[in-house]
Amino acid sequence: MDFIDLKTQYKAYQSEIDPLLADVIQNARFIMGPELKELELEMSAYTGVSHAIGCSSGTDALYLSLLALGVQPGDEIITTPFTFIATVEVISLVGATPVFVDISEDYNLNIDQIESKITPKTKGIIPVSLFGQVPDMDRINAIAEKHNLFVLEDAAQSFGATYKDRKSCNLTRIAATSFFPAKPLGCFGDGGMVYTSDDELAKTVRVLLNHGQTARYIHEQVGMNARLDNLQAAVLKVKLAHFEDEIEARQEVAKRYADLLSPLEVILPKIQPFTGRSVYAQYSIRVKNRDEVAELVKQQNVPVAIHYPIPVHLQKAYAELGYQKGDLPVAEKIASEIMSLPMHPFLKEKDQATIAAALKNAIEKAGGKG
Ligand SMILES: *Cc1c(COP(=O)(O)O)cnc(C)c1O
């Protein structure tokens, strides 16, 4: 059993992917080809955002967004400690300071704590739509507007999710997503995308990701190479056409998990009333004696993963910020209990029954010792 079964997905779409990749290769359309242009237009139509801009990774999409927003050394950016570290790294890479708020029971940042962290140096907020569910973005946007801050959605795990009736990536001034293979929509390597309906921001991102060029060998600012490969764009074009069906399948898988697991002593994902749909980038539950339970489940040949064992404020890389254990208690508690189960659109009912049985067995054993 795979944690995320990308091999079955490839087989399902192989007859569409292989000829398109062969065509791109035979015609040597590797950089900024027509497939990239088409993908960007399709992504813009899918999300309803005016500009969808392909780039080299989710991390670069976030980094380019911060550069385009003009974030400077000394600025403060409010975000969550319960995320993949890339969210926070990009704040450091532009020389700004990450300021953490604790999280809520839906694993997204605690909106009630945002205002108490705003100082004259605060420039923006990066909410992460963790595990595929968007936080209450209207409330975050209202706080940002009141204090003249930008909001950058880290949508690396939520592409395709909806908040009320709107799509993730179309909720904030600018948003960034990732096409890392394990994300809900993944390519065959690294890839990402920036989304904004602000024409000026879009123009700046496009220039920055291609060495600050406005015309061939005319460099108006210092940029970088952060383009999305045309081969990746071709893969994404094929997968995007199947993506809505996959999201539907993910809803089914999540529903089956909820039925199978509700009799067990676990905390299931909390789906908020404002959530249209989660894309379940992870199906993460909480259990007592987590490390022991995870080990016992793995011993029964069921793969599980921990997202994330150490919140960012307690990582060595961020020791200089001076956070101590206990500073963000909800994030720390949840990090000690969280465990992700296999989740992908091709997961079979029979395998989910096996997973649930392995988990039940593990909880009983671990509980007996506790
Ligand atoms: C995966 C991820 C990223 C980074 O995306 P890459 O494409 O791997 O660079 C950023 N933020 C979150 C929340 C992620 O899950």
What verdict does the side chain to side chain contact (heavy atoms under 4.5 Å, CB included) test give for L321 and H313, after you've listed the backbone C-alpha separation in whole Å, the side-chain angles of each residue and the deciding distance to 0.1 Å? CA-CA 8 Å; L321 293 177; H313 69 287; over 6 Å; no

Between the side chain of [X] and the main-chain N/O of [Y], is any donor-acceptor distance below 3.5 Å?
X    : Y    : answer
D190 : S57  : no
Q300 : A358 : yes
E153 : C169 : yes
N108 : L130 : yes
T196 : A202 : no
D327 : Q324 : yes
Q315 : I310 : yes
H211 : H219 : no
T177 : A155 : yes

If hydrophobic clusters are built by linking Ile, Leu, Val, Met, Phe, Trp and Tyr wherever their side-chain heavy atoms come under 4.5 Å apart, do [X] and [Y] end up in the same one?
X    : Y    : answer
L260 : F3   : no
I140 : V49  : no
I78  : I174 : no
F84  : L185 : no
I285 : I103 : yes

Is there a side-chain contact between [X] and [Y] in this structure, where contact means two heavy atoms from C-beta onward sitting under 4.5 Å apart?
X    : Y    : answer
V128 : L109 : no
L328 : P311 : no
I338 : Y107 : yes
R290 : I306 : yes
I363 : V287 : yes

Please check if any side-chain donor atom of [X] sits under 3.5 Å from a side-chain acceptor atom of [Y], or the reverse.
X    : Y    : result
Y318 : S92  : yes
E89  : T59  : no
Q133 : D106 : no

Checking [X] now: which residues fulfil side chain to side chain donor-acceptor pair (under 3.5 Å) with it, not counting sequence neighbours?
X    : result
D18  : Y10, Q14
D136 : Y163
E265 : K288
Q352 : R256

Positive for side chain to side chain donor-acceptor pair (under 3.5 Å) with K237, one of E35, E38, E16: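 For K237, the side chain to side chain donor-acceptor pair (under 3.5 Å) check succeeds only for E38.
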
Reference residue T87; test side chain to side chain donor-acceptor pair (under 3.5 Å); the match among D154, T80, T79: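 Looking at D154, T80, T79, the match for T87 under the side chain to side chain donor-acceptor pair (under 3.5 Å) is D154.
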
So that I can tick it off, tell me whether [Y] and [X] are bridged by a salt bridge, with the cut-off set at under 4.0 angstrom between side-chain N and carboxylate O.
X    : Y    : answer
K325 : E332 : no
D112 : R139 : yes
E244 : R277 : yes

Check the pair Q9 / K239 against side chain to side chain donor-acceptor pair (under 3.5 Å), numbers first and verdict last. CA-CA 9 Å; Q9 188 199 42; K239 286 205 192 181; 2.6 Å; yes

How long is the span from the [atom1] atom in [X] to the [atom2] atom in [Y], to the nearest 0.5 Å?
X    : Y    : atom1 : atom2 : answer
D2   : T8   : CG    : OG1   : 7.0 Å
N289 : K365 : CG    : NZ    : 14.0 Å
S278 : K270 : OG    : NZ    : 14.0 Å
Q157 : Y280 : CD    : OH    : 14.0 Å
M193 : E40  : CE    : CD    : 5.0 Å
N210 : R216 : CG    : CZ    : 9.5 Å

Report the C-alpha distance between R250 and E246 in whole Å, list the side-chain angles of each, state the deciding distance to 0.1 Å, and finish with yes or no for salt bridge (charged side-chain N to carboxylate O under 4.0 Å, His left out). CA-CA 6 Å; R250 284 175 180 274; E246 288 198 356; 5.2 Å; no

Give the intermediate values and the outcome of side chain to side chain contact (heavy atoms under 4.5 Å, CB included) for residues D198 and R173. CA-CA 7 Å; D198 179 322; R173 184 147 169 228; 3.7 Å; yes

Can you tell me which residue pairs pass the side chain to side chain donor-acceptor pair (under 3.5 Å) test with a partner in residues 336-349, sequence neighbours excluded?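 Only S284-S340, R286-E337, H307-S340, K333-E337 qualify under side chain to side chain donor-acceptor pair (under 3.5 Å).
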
By the ring pair (Phe, Tyr, Trp, His ring centres under 6.0 Å) test, which pairs, at least two apart or in different chains, include something from residues 20-54?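 Residue pairs passing ring pair (Phe, Tyr, Trp, His ring centres under 6.0 Å), neighbours aside: Y46-F159.
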
Side chain to side chain contact (heavy atoms under 4.5 Å, CB included) assessment of I85 paired with Y308: CA-CA 10 Å; I85 196 163; Y308 296 93; over 6 Å; no

Of L231, L36, D23, which meets side chain to side chain contact (heavy atoms under 4.5 Å, CB included) against R29?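 Looking at L231, L36, D23, the match for R29 under the side chain to side chain contact (heavy atoms under 4.5 Å, CB included) is D23.
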
Given N361 and L296, is the side chain to side chain contact (heavy atoms under 4.5 Å, CB included) satisfied, shown in steps? CA-CA 8 Å; N361 187 353; L296 289 164; over 6 Å; no

